[in-house]
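Source: prediction; values computed, not measured.
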Amino acid sequence: MAPFTLLYFILSVVLYVVALPLLAYFSFKQKYKESIPARFFLFKNPKFKNSDGVWFHVCSLGEARALKPVLDLLSGCDIKITTVTQTGQSEAKKYDADVRYLPYEMLLPFWIKKQAFLIVLEAEFWFLLFSVARAKGARVILLNARISQKSAKKYLQFAWFYKKLLSHVEIIYAQSEADKNRFLALGAKNIEVIGNIKLAAKILKTKEYKKPQGESIVAGSTHEGEEESVLKSFVEYKKQSNAKLFIVPRHPERFEAVFELMRRYADKNSLTLSRFSHDKEFDTDMVLVDVMGELNNIYAISDIAILGGAFRDDVGGHNPLEPAFFGCKIITGKHFFHQKELFKYVHHVQYVEPSEIHKALMASRELPPSMVEEKINLQPVINRILKK
């Protein structure tokens with residue numbers, strides 16, 4: 001083991017020991033009760049069954065979903081997938097693949113088996129993941145790789161570290177020219193720009209719902225603080241429109257808190273309210289969509305999508321391709337730094353402050369639906385993997 005790798009390993013052990021009380025505490029939280037025991041204690045998280053497969057590592061739900069068009073083109077290959085979050089794990093298990101949680105770095109030297117490829121999506125940069133996988137014979141590829149403008153300065157402060165990390169990578173398939181330049185600044189080599197692989201995804205609805213009468217507005221993938229801005233704007237807009245509002249929080253653990261917030265607005269403004277899990281008829285003025293996996297089905301019956309995650313400065317936005325595919329008029333915030341590449345491909349989007357949502361709703365009456373025109377070619381990636 002190289003001196004730097006050994007030092008990094010020792011630091012990871014020290015950090016693990018220091019964090020043990022917190023890890024034990026969070027293991028009892030619903031959000032982490034599966035992922036933390038698996039990642040930090042290897043509970044029900046054994047090594048992959050076989051060697052010499054194609055191993056994909058993703059973080060969470062969005063990246064796991066983005067894998068589908070790639071995996072469709074690799075039919076017949078021995079596919080392995082690791083994730084970080086429980087939602088990512090649930091999505092990955094829908095594929096014909098051997099699925100695990102990615103263990104904490106300290107455990108990786110003892111857990112990783114030799115694979116033909118390790119393909120890491122987006123910005124999952126773990127030093128021991130890269131170095132150990134490479135040392136055991138895997139060819140390491142970064143796919144859909146990105147470094148946001150907001151994060152670039154922090155990466156550059158540790159350019160020496162990322163140069164070591166990226167030295168284990170065979171090729172980087174970047175989302176954009178801007179991402180390529182940021183990787184070059186970190187000392188990376190062999191970079192190709194192919195665009196965002198999410199452009200290749202087939203966007204489908206899983207159920208057919210009858211569109212309610214009047215205008216339908218969906219607030220999709222919302223985070224704490226965003227729902228209140230949407231509700232304030234909707235109450236004002238409702239005075240001039242026979243509109244209905246569907247709110248789909250990003251995280252299921254917030255369903256109850258969001259419902260109570262909606263109840264306060266409903267009571268104060270004499271509006272009717274229902275929960276999607278109890279009533280799927282959309283008869284009320286406002287509906288909390290408290291069931292996972294329904295967002296595309298709701299986009300399909302909506303006229304306007306208020307896309308969450310970008311009205312705060314710490315989330316980075318969410319995927320605009322889905323509401324655009326279903327012809328929604330998109331309103332979102334100005335902090336979409338993690339989705340900047342995707343928004344580049346979507347036309348007719350209003351980017352506003354939280355206080356401007358009502359104004360954007362009014363303006364949407366005169367605007368065409370949002371739309372996506374661009375496509376992506378995944379064949380260079382597939383050719384490299386299949387030629388081995």
Side-chain angles (χ1 to χ4, degrees), residues 5 9 12 34-35 38-40 42 44-146 165-174 188 190 192 194 197-198 200-201 378 380-388:
T5 305
F9 175 79
S12 73
E34 184 182 295
S35 59
R39 295 191 63 221
F40 293 90
L42 298 183
K44 295 183 179 179
N45 196 35
K47 298 178 183 181
F48 287 125
K49 295 174 185 176
N50 303 313
S51 299
D52 293 318
V54 181
W55 171 15
F56 290 88
H57 173 62
V58 301
C59 179
S60 57
L61 177 65
E63 291 84 4
R65 280 183 178 167
L67 276 181
K68 189 175 189 316
V70 180
L71 298 184
D72 286 345
L73 294 170
L74 293 174
S75 178
C77 291
D78 179 17
I79 301 296
K80 280 95 170 172
I81 304 173
T82 51
T83 75
V84 172
T85 68
Q86 288 180 194
T87 54
Q89 186 81 181
S90 298
E91 188 69 20
K93 285 181 177 178
K94 295 178 182 178
Y95 301 123
D96 182 16
D98 196 5
V99 181
R100 300 285 190 272
Y101 281 98
L102 181 73
Y104 174 63
E105 285 191 280
M106 175 189 81
L107 304 170
L108 289 175
F110 316 102
W111 188 87
I112 290 177
K113 276 187 175 182
K114 177 188 178 297
Q115 304 298 333
F117 288 92
L118 166 63
I119 303 173
V120 179
L121 263 70
E122 301 211 359
E124 282 290 284
F125 304 147
W126 301 99
F127 180 78
L128 287 179
L129 172 63
F130 286 48
S131 60
V132 173
R134 184 75 190 98
K136 295 200 175 188
R139 294 165 63 184
V140 182
I141 293 174
L142 292 191
L143 179 60
N144 222 36
R146 62 172 172 82
L165 182 150
L166 294 169
S167 68
H168 299 289
V169 177
E170 178 179 303
I171 188 168
I172 298 173
Y173 292 109
N190 201 13
E192 292 184 19
I194 64 166
I197 67 169
K198 291 178 180 178
L378 291 172
V381 183
I382 303 304
N383 290 344
R384 181 174 289 267
I385 296 170
L386 293 181
K387 286 180 181 177
K388 297 187 179 181

**Asked** If you measure from CG on Leu61 to OG1 on Thr83, what distance do you get to the nearest 0.5 Å?
**Response** 10.5 Å

**Fill in**
Output for pair (Leu108 CG, Leu102 CG), nearest 0.5 Å, gives 5.5 Å

**Prompt:** Mind checking what makes side-chain contact (heavy atoms from CB on, under 4.5 Å) contact with Ala97, not counting sequence neighbours?
**Reply:** Ile79, Ile81, Tyr95, Val99

**Prompt:** In chain order, what residues pass the salt bridge (Lys or Arg N to Asp or Glu O under 4.0 Å) check against Glu170, with sequence neighbours excluded?
**Reply:** Arg139, Arg384

**Message:** Closer than 3.5 angstrom, by distance alone: can the side chain of Gln86 be matched with the main-chain N or O of Ser35 as a donor-acceptor pair?
**Reply:** yes

**Fill in**
In short, Ser51 meets Lys80 closest at the heavy-atom pair O-NZ, 3.9 Å

**Prompt:** Would you say Lys136 has more than 12 foreign heavy atoms packed within less than 6.0 Å of its NZ?
**Reply:** yes

**Asked** Does the side chain of Ile385 reach to within under 4.5 Å of the side chain of Ile119, using non-hydrogen atoms?
**Response** yes

**Prompt:** Could you state the interatomic distance from CZ (Phe117) to CZ (Phe56), rounded to the nearest 0.5 Å?
**Reply:** 9.5 Å

**Message:** Rounded at 0.5 Å granularity, tell me how far CG in Leu143 sits from CG in Leu121.
**Reply:** 4.5 Å

**Asked** Which heavy atom in Pro380 sits nearest to a heavy atom in Tyr173, and how many Å separate them?
**Response** O-OH, 3.7 Å

**Asked** Which pairs with one or both residues in residues 53-65 pass salt bridge (Lys or Arg N to Asp or Glu O under 4.0 Å), sequence neighbours excluded?
**Response** Arg65-Glu91

**Fill in**
dist Arg39:CZ -> Thr85:OG1 (nearest 0.5 Å) comes out at 9.5 Å

**Complete:** Residue set satisfying side-chain contact (heavy atoms from CB on, under 4.5 Å) with Arg146, at least two apart, ordered chain then number -> Glu122, Ala123, Gln175, Asp179, His338

**Message:** As a quick check of understanding, evaluate side-chain contact (heavy atoms from CB on, under 4.5 Å) for Leu386 and Cys77, giving each step before the final call.
**Reply:** CA-CA 9 Å; Leu386 293 181; Cys77 291; 3.8 Å; yes

**Residue pair Ala64 / Ala92: nearest heavy atoms and the distance that separates them** = CB-N, 4.3 Å

**Request:** Applying salt bridge (Lys or Arg N to Asp or Glu O under 4.0 Å), name anything that partners Lys114, two or more places apart in sequence or on another chain.
**Result:** Asp52

**Request:** Output the distance between atom CG (Asn144) and atom CD1 (Ile172), rounded to the nearest 0.5 Å.
**Result:** 12.5 Å

**Prompt:** Does Lys49 offer a backbone N or O that forms a donor-acceptor pair with the side chain of Lys113 under 3.5 Å?
**Reply:** yes

**Pairwise side-chain contact, Phe130 with Val120, heavy-atom cut-off 4.5 Å (strictly under)** = yes

**Request:** Please assess Phe40 against Met106 for the test side-chain contact (heavy atoms from CB on, under 4.5 Å), listing each intermediate value before the final yes or no.
**Result:** CA-CA 9 Å; Phe40 293 90; Met106 175 189 81; over 6 Å; no

**Prompt:** If you look only at pairs with a residue in residues 98-110, which of them pass as a side chain to side chain donor-acceptor pair (under 3.5 Å), with sequence neighbours excluded?
**Reply:** Tyr8-Glu105, Glu34-Tyr101, Asp98-Arg100

**Prompt:** Which atoms form the tightest heavy-atom contact between Lys198 and Ala66, and what is the distance?
**Reply:** CG-CB, 3.8 Å

**Request:** Evaluate the side-chain proximity of Leu142 to Leu166: yes if any heavy-atom separation is below 4.5 Å, no if none is.
**Result:** yes

**Any donor-acceptor N or O pair under 3.5 Å, side chains Thr82, His57** = yes

**Message:** For Asp96, I'd like to know if atom CG has over 12 heavy atoms of other residues, nucleotides or ligands within 6.0 Å.
**Reply:** no

**Asked** Is the CH2 atom of Trp111 crowded by more than 12 outside heavy atoms at less than 6.0 Å?
**Response** yes

**Asked** How far apart are the closest heavy atoms of Leu378 and Pro69, and which atoms are they?
**Response** CD1-CB, 4.0 Å

**Request:** Could you pull out the closest heavy-atom pair between Asn45 and Pro103, with the gap in Å?
**Result:** ND2-CG, 3.9 Å

